Structure formats: structure tokens, C-alpha cells
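Written out below as C-alpha cells is the structure these notes cover.
Naming convention: chains lettered A, B, ... in sequence-line order (proteins, then strands); numbering from 1 in each chain. It should be emphasised that the depicted structure is a prediction, and the values quoted were computed from it without experimental measurement.
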Amino acid sequence: MQEKYLPSDIERAAQTKWAASQIYRASDDSDRPGYYCLSMFPYPSGKLHMGHVRNYTIGDVLARYHALRGFNVLQPMGWDAFGLPAENAAIANNVPPAAWTYANIDHMRTQLQALGFAIDWSRELATCKPDYYRWEQWLFTRLFEKGVIYKKMASVNWDPVDATVLANEQVIDGRGWRSGALVEKRDIPMYFFRITQYADELLSGLDKLPGWPERVKTMQANWIGKSVGVRFAFPYQLPPPSPLEGEGRGEGGEVENGQLWVFTTRADTIMGVTFCAVAAEHPLAARAAADNPALAAFIAECKQGSVAEADMATMEKKGMDTGFEVTHPLTGEHVPVWVGNYVLMSYGEGAVMAVPAHDERDFGFAQKYGLPINQVIDLPPSPTGGGGAGGEGAFSTDAWQEWYGDKIRGRCVNSGKYDGLGYDAAVDAIAADLEKLGLGEKKIQFRLRDWGISRQRYWGCPIPIVHCESCGDVPVPAEQLPVVLPEDVVPDGSGNPLNRRADFVHCACPRCGGAARRETDTMDTFVESSWYYARYACPDFAGGMLDARADQWLPVDQYIGGIEHAILHLLYARFFHKLMRDEGLLASDEPFANLLTQGMVVADTYYREAADGKKTWFNPADVELRDGVAILKTDGAPVIVGGTEKMSKSKNNGVDPQALIDAYGADTARLFTLFAAPPEQSLEWSDAGVEGAHRFLKRLWKLAYEHVQGGASTAFAGGELPDAAKTLRRQLHQTIQKVGDDIERRKQFNTAIAAVMELMNALGRLEGTDAVTRSVRQEVLEAAVTMLAPMVPHIAEALHAELRPGAAMAWPVVDESALVQDEIELMLQVNGKLRGQIRVATTAGRTAIETIALASEAAQKYLEGRPPKKVVVVPGRLVNIVP
RNA sequence: GCCGGGAUGGCGGAAUCGGUAGACGCAGCGGAUUCAAAAUCCGCCGCUGGUAACAGUGUGGGGGUUCGAGUCCCCCUCCCGGCACCA
């Protein structure tokens, strides 16, 4: 055995051995129970970053642990290969996105292999390959024919200078990232998945996912946002039609029949409506603007800026009167209609009733524009003389108070026949009255919107539709799939280059054979990542999207990925699973049985700002801190310190793990990322501590080396032990218990590692070279090496081979008899404060413990002869004496 | 703005069901070894007072429940993630 721990040698040897024996190939027909362990596949951005290392190390620990416990483990890997960064790289370096992507994949695959993950590489897939995306296109055409996919207009960010659609990320302070031009919203036709049709099932299905973190389920439930409310209309008569015809959009309000429809969850406040607000895109707004230039200008202003909801929600709330009035359906009063920049056309009806007295946003809006605020809800008087007019302050139009919006305690006032009713009764009565008038009904509304998947970009999966003058939108027939994306294209940032590829665009209509145009939009890359987990079960199946092996492996037993995917990716994947189920491709309802959401790896960001506001981001590795000032190493000049953010390409704050692997080896890199923080917590990157992880491995190697040098030994198998060895054995079996629990149930690896470290510290202190002591040392080392094998597989492989040549590794079993203790120490508290310890027999009962505690020196001191008021005994823990 | 999280020594973190706060590791300090250094080994290490025993205090801030609160409840501050075209 080598005296020194040489990571590069043992890692190369172990990886060579694993590759040759193909031991990580999952068997499609095995007697052993299957365990499908999946980590979110990476976007091939160029190099692995620490987030990847963390994600795949966590997955590998769970995969290897289950393999050691006898499962037939499937841990696949692939590439989320379509996406925006490839186009950005193409613009910057004049390389085709395809070539860039394939080169990145090759490099990152090498890096993953160097980390020694137990991956079944025979199932590798890349979403940009036609043999993958052809099935996505196939499913698209099926869903299109079923009506699950439909076409409608939707807003995008339009850069008028580059003449291109921008991603939200590419809009910085309302301007295009490259051109600096003011971005405007533009309506274009897009294809949508009818995810709202599955809203109820996506919501109720969360209850069937006990293996998901509560916070993720809460976020998804809130995102779906089921609310029960009332949809109703304000009738109106338009003023004489202007010569310019308003451009109706079909969605939302209906100009023709003279009814402005709104949705509200607060129908109980309907008598307090003092105005209505419509989105800038609402047909009524367009109609009003036709002969009102000021309003037209305001609407144009509303159309500036990005479509991102965060921007919409944080901007200053502005509005303008349309001059139109609608009729309140219950009071018959005239209600003015305003255009509000905060009303979203894509949510509900694109119009809202405004009750300034009882909605905080409406309140602020009414105050700003001097609109009336009419109180219609009050709190019932409380016994303490409270109530709206009492304890919590009287209603006042000067300042908003929390209770104005209280739908639990509030009662209707100033509301005619509804006075005195609480929320439920009022909503019921009002909905019934509206229904009698034919002007409304109760309705369930979801916040969730249909999923628009059209992207005006080149590097994505082509949407398999052909546009024909006579036949309309025709899906490409299955036998003509895949619609192959040409891979020799270099985008230049001005629009979608596919539009300029005549060979791609011009085609024959599959229905009539006439000349037609191929759709040049590509799909949202979330589509590819919504079903890859299923394709891993049968990546080689050429006869269809999935075969029977999908049901054999699915649902995924353990899915691991970043918390940033808590909503979108995970919701889309759940939705897609149901789509595939309803196509008869799968039997299960949910894709992922257990979910581990790893915290982000975050790092500081550094940048400089050019005169035109453009920011250049610098990697933390190129920045150093001198006297508290961040300095760029290359030029010695200061840089601005940004926030601590998730490592990303756009902020250039990714830490390259390669240097770590080169200097210390893969095992140290793995051990350190696991030890630095529990998986669910975010990990703030710092180099400190890497040394410690490496030192531990060296120490482990040394302990094993010294033991092996003493000659062959076999693990302790029973008999009498000296006290020191007996104590160590007890610690060993406690550790086995803890490590198993930490990995399997708690999924917290830092504490598992700490427990083994403690065990090794204790082993180092054990003296004696007699055979029985050596046998305990052998037992401890074998078990420790095996328990560490999921985390640091290379060194474990090497050490196990030295400790038990030729034997297979098997997870250690807890010896209950080793855990038995005669005496334990209890903490002694007086009035909740720690004042001493007492030793009692493990078998001692409550009264015996109490007697010992009261007789103790500490108790005597604080009781001063008085009898205690109370004695609390917590078995196995402590005694608290209340004097 | 809305939704979801988080905050514990100089630092990363531990405390699993309300029961010893600071495990394990990093950094630091002292010592051993060495011609010297690296590596390694041993010891100390929340803060305040005290030579010490010990006492007080301490888990972002304020209040509460409890024999007992880092953990539960209410309010607040700051930080992070998501917000539908980054993935």
C-alpha cells in the first residue's frame, strides 16, 4: 500500500476500473428494486460551475448509497442543449450555436467523468439532436390536433433598433441590452399550451406528493392561484362611433355587446365601486383613444417597457380617464372607465372593478387621481369598544389601514339590502342578484396562464407547423418528422435567421401540396426539459416517444435540482407528464416522487459601468480585496461590488471547480461541497475550508495505512473488549445509525461527514496493538470507508481494496448490542439554567432520578433547604428543578 | 410590488420531536517535532468580569407563550430565490 495519499493516481485508477466494468449501467431487467436518481441536466454553457458540482455530487451520494444497499440504480445524464446563451456566444465569436454547443458538451462530459459520478453514460441525450426533438414535435402535432395547443396574440419585448424580440433578461432598465433602444411591447401570434385546462389537477396533485418540500408545493399552489370569485359585467352604451374603428382582439372585453366584464374575489365590496380600470391593450381603451389623442399617447406610453411582471408590479401606478362611463349592474350608477398601466391584459378579463375603500392598490390610485372613496365594509363593534370606528381607528380616506381589506371580520355597510352581511353571505347574495340580471355568475379563476411556447429565435426546436394560404396552419405529418433545424447558421442578433433560410422556409403544404411557408419560430426550451426524464428510460427507442421501459422506471424516485426551478420547470414537467399520460404514453400521474431542492451556490458579483450604462461583469477569481476595496487584478483599478447572487454566466460570478479538482482531486472537491452546507441551504462560495476537507482525506489514508502496515486483520466478531475499544465500538455503531439516517431520511450530508470525522478522531486516540483491539480498528475502518464511499468514492475504493482485498463493499449493519450503556449523564437545571450534571443508571426511573437530582450538590446550593416547587424530568436528557 | 425562503462565534455550519447553544471544519493563538521551513501531532479558542473556581450574558431587532425557546406565536429589519422569453 502507498504510504502517501495520491488523489490523481487513485482517481484515475478507480475511474478506469469503473468504465471498464460498466458497473454504472442500469439494467432494464433486474430482480433488484429499481432506484431512479435524477439530477437536473445542465445547460452546456462551457464549463462546469460549482452549482453543477454541488447538484451532481448530491445526486451521486444518493445514487451510490442506494447501490450499496442493493438497488438497481439508474443515474443518467444529458444536455439541455437549446437556448439563448448559444446565440449570444455565436454573436460574440461568430461560431454556429450548434458547433459551440457540441464543443461545450464534450468538455463538460470530460469534467463530469473526472468527478467520478456513477452515471450510466449509455443513456446520454442532447435535446438539440433530431432523434430527441422529433418526438417533441410529434407530440406537438398530436396536441395541436386535439386542441391542447392553440394560437393567439401575445405581447413580447420588441427592440425597434435590432428589430428583434428580446428575452426579459435582455431588457435592462427598459432598454435593449445591445442596442440601448427603448423596448416596446408588441403583439404577435404565438402557440400556447392549454395548461390552464390542467390547473385543477396540477393543484390537487400537490397533495399526492409527500416527498416534495412544503415550500415548493406552497409556491406552486400560489402560482396556480385558484380563487373563487364573481365574473360580472358593467353594461354600457358607446358614444357615437368614431370614424376610426377600434382594433378588437377577441380576448377579454367585448366592444360589440356593450358589456365590460370583470372578475373579482371581493364581490362583497361591489357597492363601493367608484371606477373601473382597463388594461392599455383592452379594446375599450383602443376605442376611446381613437378620438382622444392624449389617451392614445398615454396608451402608447403604457406599451413602453418590458412585459416582465416584476417590472409591471413595481412601476408607478398611472392611469387616465377614457371619458367613457359604464353602468353599475346593481345600482345603475354611472361609473367612469380609466386606463390603468397596472391592469394586466393577460390576467382575467383585462379589466377590473375598483373599490378604493377596500383595495390597497385602488386606494392609492384613487388618492392620486382624486377619485371618490366610498366605504362599504366596516368591522363589527368589539366588546372592548373597538370596531372599525373604534379600536383600530375610524375609516378615513386619508390613509390606508389594514382592516379596510379584512374579508374575515368585515361586514357590509352603505350597501343597501346587503348591509350587515359578512363576506360569504354577501358574495352569495350579490352573485345571485347578478345572475338574475344575466350580468354575472360565480366563477373559479386561476392566476395560472396558458403557456406560450413560441420563440422568435433560431437555436431551438422548430415548431412543426406549415402555413398554407388555403389550408391555414397545418401540422407536419408524423412521417415527415423531424423538422430538422439547420446547424450551420450563425445568428447576428437581428431577428431570427431562419426567416432568411429559403431552404428551410419554403416547403409544400402537407395537406394540399401547394407552396407553403414553414413556421420559423422555435419552442421554449422548457419544453425539452419537461420530458427528458422519461426519455432516459428508453433513449434508444426509434419507434416512438417512449416505450414500456418508461413506466418501469417512472416516476423518478429522487429528483435533485436547484430551488430556482421550484415553479416553472417543475410545473411544466408535471403538466407534460399528464399530457403524455393522456396520450397513453405513461401510466403514472406525477413525474417525480421525491424532490430535493438544493440551495443556490452564490458568489459576490463585480462590475464596471460604461458611460452608456452598459455593465461589464468580472469574475471573482480576477478580483481581489485590498483594504476593503475591490480591485481588478489585471489593471489594479477598482470595480463596483454588486450583490451576492446565484452563480451565472450573465453576472460572470461562477467559480470554476476545475482548479479545485486539479489541485486536490475530485474527492476533495466533492467532500468540500457536501461538507460546506446542508443541501437545501444556499452555499456562499469561499475557498476557505477546502484544505480541511483535503486534510481529512489524508488523515483517513494515514489511519488506514498504519493499520494495514500492522498486518492482516479481520473485523471484530464478538467477545470481551477493553473499555476503550468498547467505547469506540459504541461510537462506531452510533455513527452507522446516524449516517444512514442522515443520508436516507434527512438528506443532510454535512452532519454525516462530521460524524465520521469524529469517529476517525476517536480512532486516532485508540491505543493498543493486541489482536482484539486491532480487530475493532479493522471494523471501524471498513465501516468508515464504506460510509464515506457515496461521498468520496475513489479513495473509498482504494482503501477498501487494501482493507479487504477482493471483497465487495456492503453497507455496514448496526450492532444493537454495541449501543447498550449502563450509565448516562443527565443535565441538571435549576430554574431552567444549567447548574451541573448527574450520573444515573440507564434503567433509573423518574423518582430515582429525582432523588439523585435533589441530593446533588448543585441542587442543595440553590434550594438552600427549601422544598422544590416543581421537578421536571426529561428521560435521557435533563432534570429541571424549580425552587 | 407579489409569492417562497433565510439570518446562530472572526468564517462555513451543528443542535433531528420545545430540553447541555456553538458538534465538525476553517482561520487564529500557544506548544512539540525540524538546522530551518512545509507537512504532521498536542492544547486553547462566543462575549464581559475574575488568577481561578465561577458568575453574568449571548442565536438579526422588539414583544409573547412555557419549568425551559435558536426551535412555537405576533410585529419589524436586512439578505436570497421566483415572477411566466436566463436556465
Original post:
How is A:G452 classified with respect to the nucleic acid when contacts are heavy atoms under 4.0 Å: base, sugar-phosphate, or nothing?
Top reply: sugar-phosphate

Subject >> Integer-rounded Å distance: B:C26 C1' and A:L683 CG >> reply: 14 Å

Original post:
What interatomic distance, in whole Å, is found between C1' of B:C76 and the corresponding atom of B:G43?
Top reply: 45 Å

Original post:
Closer than 4.0 Å, any side-chain N/O of A:R835 to the OP1 or OP2 of B:A55?
Top reply: yes

**OP:** For the side chain of A:K833, starting at C-beta, report the closest nucleotide among B:G25, B:A23, B:U57.
**Re:** B:U57

Subject >> Distance between C1' atoms of B:G30 and B:C24 (Å, rounded) >> reply: 22 Å

Original post:
To the nearest Å, how far apart are A:R877 CZ and B:A21 P?
Top reply: 12 Å

Original post:
Between B:A87 atom C1' and A:W459 atom CH2, what is the distance in whole Å?
Top reply: 16 Å

Subject >> From B:U16, B:A84, B:G25, nucleotide with atom closest to A:L448 side chain >> reply: B:A84

Original post:
Does a nitrogen or oxygen in the side chain of A:N761 sit under 4.0 Å from OP1 or OP2 of B:G25?
Top reply: yes

Original post:
side-chain contact (heavy atoms from CB on, under 4.5 Å) with A:E136: which residues, sequence neighbours excluded?
Top reply: A:Y132, A:C461, A:M523, A:V527, A:E528, A:W531

**OP:** Could you name each residue pair satisfying salt bridge (charged side-chain N to carboxylate O under 4.0 Å, His left out) that touches residues 566-576 of chain A, not counting sequence neighbours?
**Re:** A:R574-A:E590

Original post:
By ring-ring contact (aromatic ring centres under 6.0 Å, His included), which residues pair with A:F41, not counting sequence neighbours?
Top reply: A:Y532

**OP:** Would you list the pairs meeting salt bridge (charged side-chain N to carboxylate O under 4.0 Å, His left out) in which at least one residue belongs to residues 871-883 of chain A, sequence neighbours left out?
**Re:** none

Original post:
Looking at the side chain of A:Y43, which of B:G12, B:G56, B:A87 is the nearest nucleotide?
Top reply: B:A87

**OP:** Go through A:K738 and A:E758 one step at a time and tell me if the salt bridge (Lys or Arg N to Asp or Glu O under 4.0 Å) criterion holds.
**Re:** CA-CA 12 Å; A:K738 176 170 176 58; A:E758 282 182 83; over 6 Å; no

Original post:
What's the CE-P distance between A:M760 and B:U40, to the nearest Å?
Top reply: 18 Å

**OP:** Using the C1' atoms only, state how far B:G9 lies from B:C47, rounded to an integer number of Å.
**Re:** 9 Å

Original post:
Taking only residues two or more places apart in sequence or in another chain, which ones pass side-chain contact (heavy atoms from CB on, under 4.5 Å) with A:E825?
Top reply: A:M827, A:Q837, A:R839

Subject >> Contact under 4.0 Å: A:Q220 side-chain N or O vs B:A84 OP1/OP2 >> reply: no

Subject >> Rounded distance (nearest 0.5 Å) linking atom NZ of A:K4 with atom CH2 of A:W701 >> reply: 12.0 Å

Original post:
Taking CG from A:L671 and P from B:C26, how many angstroms apart are they, rounded to a whole number?
Top reply: 11 Å

Subject >> Any residue meeting ring-ring contact (aromatic ring centres under 6.0 Å, His included) with A:W158, in chain and number order, not counting sequence neighbours >> reply: none

Original post:
Checking all strands, does A:Y532 fall into the base, sugar-phosphate, or nothing category for heavy-atom contacts under 4.0 angstrom?
Top reply: nothing

Original post:
Taking the side chain of A:D80 as its heavy atoms from C-beta onward, which of B:G1, B:C24, B:A87 lies nearest to it?
Top reply: B:A87

Original post:
In dot-bracket notation, what is the pairing pattern of RNA chain B, taking Watson-Crick (N1-N3 plus N6-O4 or O6-N4) and G-U wobble (N1-O2 and O6-N3) contacts under 3.5 Å, with [ ] crossing and | for other strands?
Top reply: (((((((..(((......[....))).(((((.......))))).((((....))))..(((((..]....))))))))))))....

Original post:
On a whole-Å scale, what distance lies between the C1' atoms belonging to B:G25 and B:G19?
Top reply: 27 Å

Original post:
Side chain of A:E87, backbone of A:Y458: donor and acceptor closer than 3.5 Å?
Top reply: yes

Subject >> Salt bridge A:D359-A:R266, side-chain N to carboxylate O under 4.0 Å >> reply: no

Subject >> Distance in Å, A:M219 CE paired with A:E214 CD, rounded so as to fall on 0.5 Å steps >> reply: 11.0 Å

Original post:
Is the glycosidic angle of B:G61 within 90° of 0, making it syn, or outside that range, making it anti?
Top reply: anti

Restricting both atoms to N or O, compile the protein contacts to nucleotides 41-50 of chain B shorter than 3.5 Å, with distance only.
from  : atom 1 : to     : atom 2 : distance (Å)
B:C41 : OP1    : A:R699 : NH1    : 3.2

Subject >> Syn-anti status, with the boundary at 90° from 0, for the nucleotide B:C17 >> reply: syn

**OP:** Using whole Å, report how far CG of A:N750 lies from C1' of B:A23.
**Re:** 11 Å

Original post:
Between B:C83, B:C86, B:A84, which nucleotide has the shortest distance from any of its atoms to the side chain of A:E169?
Top reply: B:C86

Original post:
Are any of A:Y862's side-chain N or O atoms less than 4.0 Å away from OP1 or OP2 of B:A55?
Top reply: yes

For nucleotides 76-82 of chain B, list the nitrogen or oxygen atoms of the protein found under 3.5 Å from its nitrogen or oxygen atoms, one pair per line.
from  : atom 1 : to     : atom 2 : distance (Å)
B:G81 : OP1    : A:K646 : N      : 3.2
B:G82 : OP1    : A:K646 : NZ     : 3.1

Donor-acceptor contacts, no H, no angles, side chain residues 672-681 of chain A, under 3.5 Å, sequence neighbours left out:
from   : atom 1 : to     : atom 2 : distance (Å)
A:T673 : OG1    : A:A669 : O      : 3.3
A:T673 : OG1    : A:R670 : O      : 2.9
A:E680 : OE2    : A:T597 : N      : 3.4
A:E680 : OE2    : A:T597 : OG1    : 3.4

Original post:
Between A:D742 (CG) and B:U16 (P), how many Å, whole number?
Top reply: 11 Å

**OP:** Classify every nucleotide of nucleotides 61-75 of chain B by which part a protein heavy atom approaches to under 4.0 Å, writing B for the base, S for the sugar-phosphate alone and - for neither, in 5'-to-3' order.
**Re:** ------B--------

Original post:
Could you state the CZ-C1' distance from A:R746 to B:G13, rounded to the nearest angstrom?
Top reply: 13 Å

Original post:
So, the side chain of A:R846 versus the backbone of A:V873: is there a donor-acceptor pair under 3.5 Å, distance only?
Top reply: yes

**OP:** Please work out if A:S529 contacts a base, only the sugar-phosphate, or nothing of the nucleic acid, heavy-atom cut-off 4.0 Å.
**Re:** nothing

Original post:
Under 3.5 Å, is there an N or O donor on one side and an acceptor on the other linking the side chain of A:K738 and the base of B:U16?
Top reply: yes

Subject >> A:D742 vs A:T751, side chain to side chain donor-acceptor pair (under 3.5 Å): CA-CA, chis, key distance, verdict >> reply: CA-CA 7 Å; A:D742 277 353; A:T751 48; 2.9 Å; yes

Original post:
In terms of ring plane angle, is the pair A:F526 and A:H569 parallel, tilted or perpendicular, where the classes change at 30° and 60°?
Top reply: parallel

Return a table of donor-acceptor pairs under 3.5 angstrom between the side chains of residues 448-456 of chain A and protein atoms on other chains or two or more places apart.
from   : atom 1 : to     : atom 2 : distance (Å)
A:D450 : OD1    : A:I195 : N      : 3.1
A:D450 : OD1    : A:T196 : N      : 3.0
A:D450 : OD1    : A:T196 : OG1    : 2.7
A:D450 : OD2    : A:Y150 : OH     : 2.5
A:W451 : NE1    : A:D524 : OD2    : 3.0
A:S454 : OG     : A:Y191 : N      : 2.8
A:R455 : NH1    : A:G452 : O      : 3.3
A:R455 : NH2    : A:D524 : OD2    : 3.0
A:Q456 : NE2    : A:D521 : OD2    : 3.1

**OP:** Would you indicate what A:A676 reaches in the nucleic acid, counting non-hydrogen atoms under 4.0 angstrom: base, sugar-phosphate, or nothing?
**Re:** sugar-phosphate

